[in-house]
Amino acid sequence: MEHSNFIRTIIEEDLNTGKHDHIVTRFPPEPNGFLHLGHARSIIMNYTLAKDFGGTFHLRFDDTNPVKEDATFIEAIQKDIEWLGCSWDALYFASDYFEIMVEKAILLIQKGKAYVDDQPAEVIKAQRGDLKTPGQNSPFRERSVEENLTLFQAMRDGKYSDGEKVLRAKVDMASPNMNMRDPVIYRIQHAHHHRTKDAWCIYPMYDFAHPLEDAIEGITHSLCTLEFEDHRPIYDWVVRECEMESVPRQIEFGKLKIANEISGKRFINTLVADGVVDDYADPRLVTLSGLRKKGVPVAAIHRFIHSLGLPKSEGETSLQMLEEEIRSELASSPRIHLVKDPLLVTITNYPGEGEMLTHAADQDETLMRDIPFSSQIYIEKDDFVVEKPNKKWKRLALGIEVRLMHAYFIQAESVVTDEAGDIVEIKATYDVQTKSGTDFNARKPNGTIHFVDAKQGVPVTYTEYEPLLIENADRSQPVDAILNPESMKTYSAMVEPAALTLPGPYFQAIRSSYVKRDDAHAFHRVVALRSSFKK
RNA sequence: UGGGCUGUCGCCAAGUGGUUAAGGCAUCGGACUUUGACUCCGACAUCGAUGGUUCGAAUCCAUCCAGCCCAGCCA
């Protein structure tokens with residue numbers, strides 16, 4: 001369900017009143033990190049809004065700071081966005097606008113709206129005042145236009161070293177909004193840029209560059225997160241003072257935060273350094289690449305994002321909501337029997353070599369498969385207990401009869417233990433007249449469990465992912481104090497032969513999980529089935 | 001404490017003066033069940049607080065409380 005949202009309302013109004021006849025949105029990542037679920041909100045919303053109103057969606061890399069950015073992120077980010085299916089109508093780079101940005105800076109200088117400041121960063125910082133103290137004007141604030149022009153040109157020509165001079169917008173040092181206290185709009189950085197190489201040694205700051213980028217591209221609705229609300233006045237100031245033809249409107253929405261999940265770059269880097277996760281694409285992370293690796297269907301992410309809408313409030317959303325969307329997306333997957341932690345069961349009264357039982361692999365009965373059955377099978381270790389603990393126990397126990405799904409009723413008669421006393425085998429008997437499909441109903445079994453034939457079953461590894469952090473983790477604690485030591489568990493398991501031949505890669509491992517088949521030897525859990533079982 | 005913003009059920013989130021205050025997740029009952037799944041029934045809030053305006057307020061006003069953001073030559 002798509003929530004109505006205030007931005008959609010604004011766009012509808014702008015279209016109805018004729019302010020715009022075509023809208024343009026954009027996703028403007030800085031190529032300095034990897035995308036996570038939180039970014040999906042911005043990407044999907046910008047994309048969807050544009051598409052829904054017949055508009056245009058741009059992908060623009062906001063590459064205005066060479067010392068923090070790298071070309072490797074550009075490819076990764078594009079891959080993630082493509083995966084989300086949010087194809088962009090145009091791809092741009094802020095660095096392509098550097099020339100026009102300088103022209104606009106010169107325009108500002110000519111209008112007496114910008115000046116070169118010779119003071120070091122610490123002095124500028126001190127003069128800016130604080131939250132309740134107005135700032136003080138720089139002694140260089142009233143330089144002549146000519147001098148500013150000359151100085152700025154010299155900055156551009158590389159006559160100064162890093163930090164020696166900056167270009168500042170002349171706004172209002174007494175503004176209660178810190179962003180209006182003559183923000184720096186150009187700084188000197190003799191740094192190699194991944195696209196413009198060494199063509200520049202001055203780079204524009206966000207507050208100056210971003211509004212220009214939007215205006216240049218004809219962005220009509222510039223969406224960003226709440227922390228930029230304070231920047232809107234300077235955003236509008238730049239568009240106005242630079243006399244941009246196109247006037248974009250910045251609109252802020254709340255960030256999407258996922259409860260108990262990690263998306264911070266710093267934190268992830270720590271985890272990688274500590275060897276907790278392999279990389280940013282670890283399936284336990286909510287990075288887009290991690291979710292992709294885990295096998296989360298893109299449609300589930302879209303539904304999740306749309307179900308949340310575009311609020312202005314900032315809360316913490318539970319990952320359960322995403323999981324629920326994943327389940328419903330995977331609901332029609334073929335069913336297979338996957339036995340985790342196999343425990344051997346010998347059916348002492350079962351005659352012959354075995355047989356093939358034919359059943360559908362899903363509820364539509366479109367996918368039929370043969371399930372081998374014989375006197376030796378495996379069931380999950382967790383499905384057996386020596387003594388039935390209570391009436392709620394709907395699995396196997398000594399003297400208890402259960403249904404083997406798609407096969408027969410069996411009753412556990414005795415157990416075989418090893419030297420350590422661990423149960424290694426169950427001796428059971430079956431009743432031929434309880435065969436699946438015969439509608440036998442003279443007795444009610446104590447539940448239904450699944451199994452895999454011991455001889456024809458296929459050994460595989462089965463990996464389950466759990467949250468990386470313990471519940472209600474206190475982020476102020478050291479990392480290893482809040483890590484879930486069992487966030488990734490790999491089990492030996494057995495699957496029925498059809499699990500390797502049925503169309504995949506998604507299956508519902510009956511009574512367990514929705515799983516993805518990685519290859520003929522490995523399966524992993526995408527999301528657990530819901531369960532009302534409580535012990 | 002200067003400025004900006006937010007506050008509706010455990011978690012998200014509709015609602016913009018007249019509704020029995022949507023929906024989803026979670027939870028608790030129950031039905032069904034060859035998956036403790038699915039599905040289906042049922043339960044589950046007076047809207048941060050306090051005053052005020054109004055015939056009538058979650059929706060308007062006032063005050064207060066709580067939380068978030070802002071003092072990078074980061075974005």
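Just so it is clear: chains get the letters A, B, ... in the order the sequence lines come, proteins before strands, and each one is counted from 1. Nothing here was measured: the structure is a model prediction, and the numbers come from that model.
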> When you compare B/G29 with B/G67, how far apart are their P atoms, in angstrom units rounded to a whole number?
Replying inline: 36 Å

>> Rounding to an integer number of angstrom, what distance separates B/C40 and B/U6 when you compare their C1' atoms?
In response: 39 Å

>> Taking any heavy-atom pair under 4.0 Å as a contact, classify A/Gln119: base, sugar-phosphate, or nothing.
In response: base

> Does A/Phe228 have its ring centroid less than 6.0 Å away from the ring centroid of A/Tyr206?
Replying inline: yes

>> Ignoring hydrogens and geometry beyond distance, is a side-chain donor-acceptor pair present between A/Ser175 and A/Asn177 at under 3.5 Å?
In response: no

> Which nucleotide in the set B/C70, B/G2, B/C74 lies at the smallest distance from any side-chain heavy atom of A/Asp230?
Replying inline: B/C70

> Counting only Watson-Crick or G-U wobble pairs whose two distances fall under 3.5 Å, which nucleotide matches B/U35?
Replying inline: none

> Distance between the C1' atoms of B/C44 and B/A26, in whole angstroms?
Replying inline: 11 Å

>> Quick check: on RNA chain B, is the nucleotide nearest A/Met321 upstream (toward 5') of the one nearest A/Lys312, or the reverse? Name the residue that is more 5'.
In response: A/Lys312

>> With a 3.5 Å limit on both atom pairs, tell me what B/C44 is paired to, counting Watson-Crick and G-U wobble, or say none.
In response: none

>> Expressed as a whole number of angstroms, how long is the span from A/Asp439:CG to B/U34:C1'?
In response: 10 Å

> A/Phe208 CZ to B/G72 P: how many Å, rounded?
Replying inline: 21 Å

>> Measuring only the P atom in each nucleotide, how far is B/G18 from B/U59? A whole number of Å is fine.
In response: 12 Å

> When rounded to the nearest Å, what value does the distance between C1' atoms of B/G10 and B/A71 take?
Replying inline: 38 Å

> With a 3.5 Å cut-off and just heavy-atom distances, do the side chain of A/Arg232 and the base of B/G4 make a donor-acceptor pair?
Replying inline: no

> When the aromatic ring centroids of A/Phe6 and A/Phe253 are compared, is their separation below 6.0 Å?
Replying inline: no

> OP1 or OP2 of B/U35 sitting under 4.0 Å from any side-chain N/O of A/Arg395?
Replying inline: no

>> Please tell me if A/Lys125 has a side-chain N or O lying less than 4.0 Å from either OP1 or OP2 of B/G72.
In response: yes

> Mapping A/Glu324 and A/Asn177 onto RNA chain B by nearest heavy atom, which one lands closer to the 5' end?
Replying inline: A/Asn177

> Does B/G67 have a Watson-Crick or wobble partner in any strand here, with both distances under 3.5 angstrom, and which is it?
Replying inline: B/C5

> Given B/C74, is OP1 or OP2 found less than 4.0 Å from the side-chain N or O atoms of A/Gln189?
Replying inline: yes

>> Strictly by Watson-Crick or wobble contacts shorter than 3.5 Å, is anything paired with B/U19, and which nucleotide is it?
In response: none

> How about A/His337 and A/His406: are their ring centres within less than 6.0 Å of each other?
Replying inline: yes

> Under 4.0 Å: is that the gap between some side-chain N or O of A/Arg181 and OP1 or OP2 of B/G3?
Replying inline: no

>> Just by distance, no angles: are the side chains of A/Asn16 and A/Glu12 close enough, under 3.5 Å, to form a donor-acceptor pair?
In response: no

> Expressed as a whole number of Å, how far does the C1' atom of B/C12 sit from that of B/G7?
Replying inline: 14 Å

>> Give me the distance, rounded to whole Å, that separates B/G36 from B/A43 when you measure between the P atoms they each carry.
In response: 27 Å

>> In whole Å, I'd like the distance from the CD atom of A/Glu323 to the C1' atom of B/C11.
In response: 14 Å

>> Less than 3.5 Å apart, any donor N or O on the side chain of A/Glu380 or A/His450 sitting next to an acceptor on the other?
In response: yes

>> If the cut-off is 4.0 Å, is A/Arg187 near the phosphate of B/C74, judged by side-chain N/O to OP1 or OP2?
In response: yes

>> Could you tell me if the side chain of A/Leu404 sits less than 4.5 Å from the side chain of A/Ile449, heavy atoms only?
In response: yes

> Mind checking who B/C60 pairs with, Watson-Crick or G-U wobble, both distances under 3.5 Å?
Replying inline: B/G52

> For B/A75, does either OP1 or OP2 sit under 4.0 Å from a side-chain N or O belonging to A/Thr64?
Replying inline: yes

>> Can you check the distance between B/U27 and B/A66, where both ends of the measurement are the C1' atom (answer in whole Å)?
In response: 27 Å

>> In this structure, how many angstroms lie between the P atom of B/G72 and the CG atom of A/Asp207, rounded?
In response: 13 Å

> Since syn is defined as within 90° of 0, does B/G72 count as syn or as anti?
Replying inline: syn

> In whole angstrom, what separates A/Asp383's CG from B/U34's C1'?
Replying inline: 14 Å

>> Any donor-acceptor pair, under 3.5 Å, between the side chain of A/Ser436 and the base of B/U34, if you only look at N and O atoms?
In response: yes

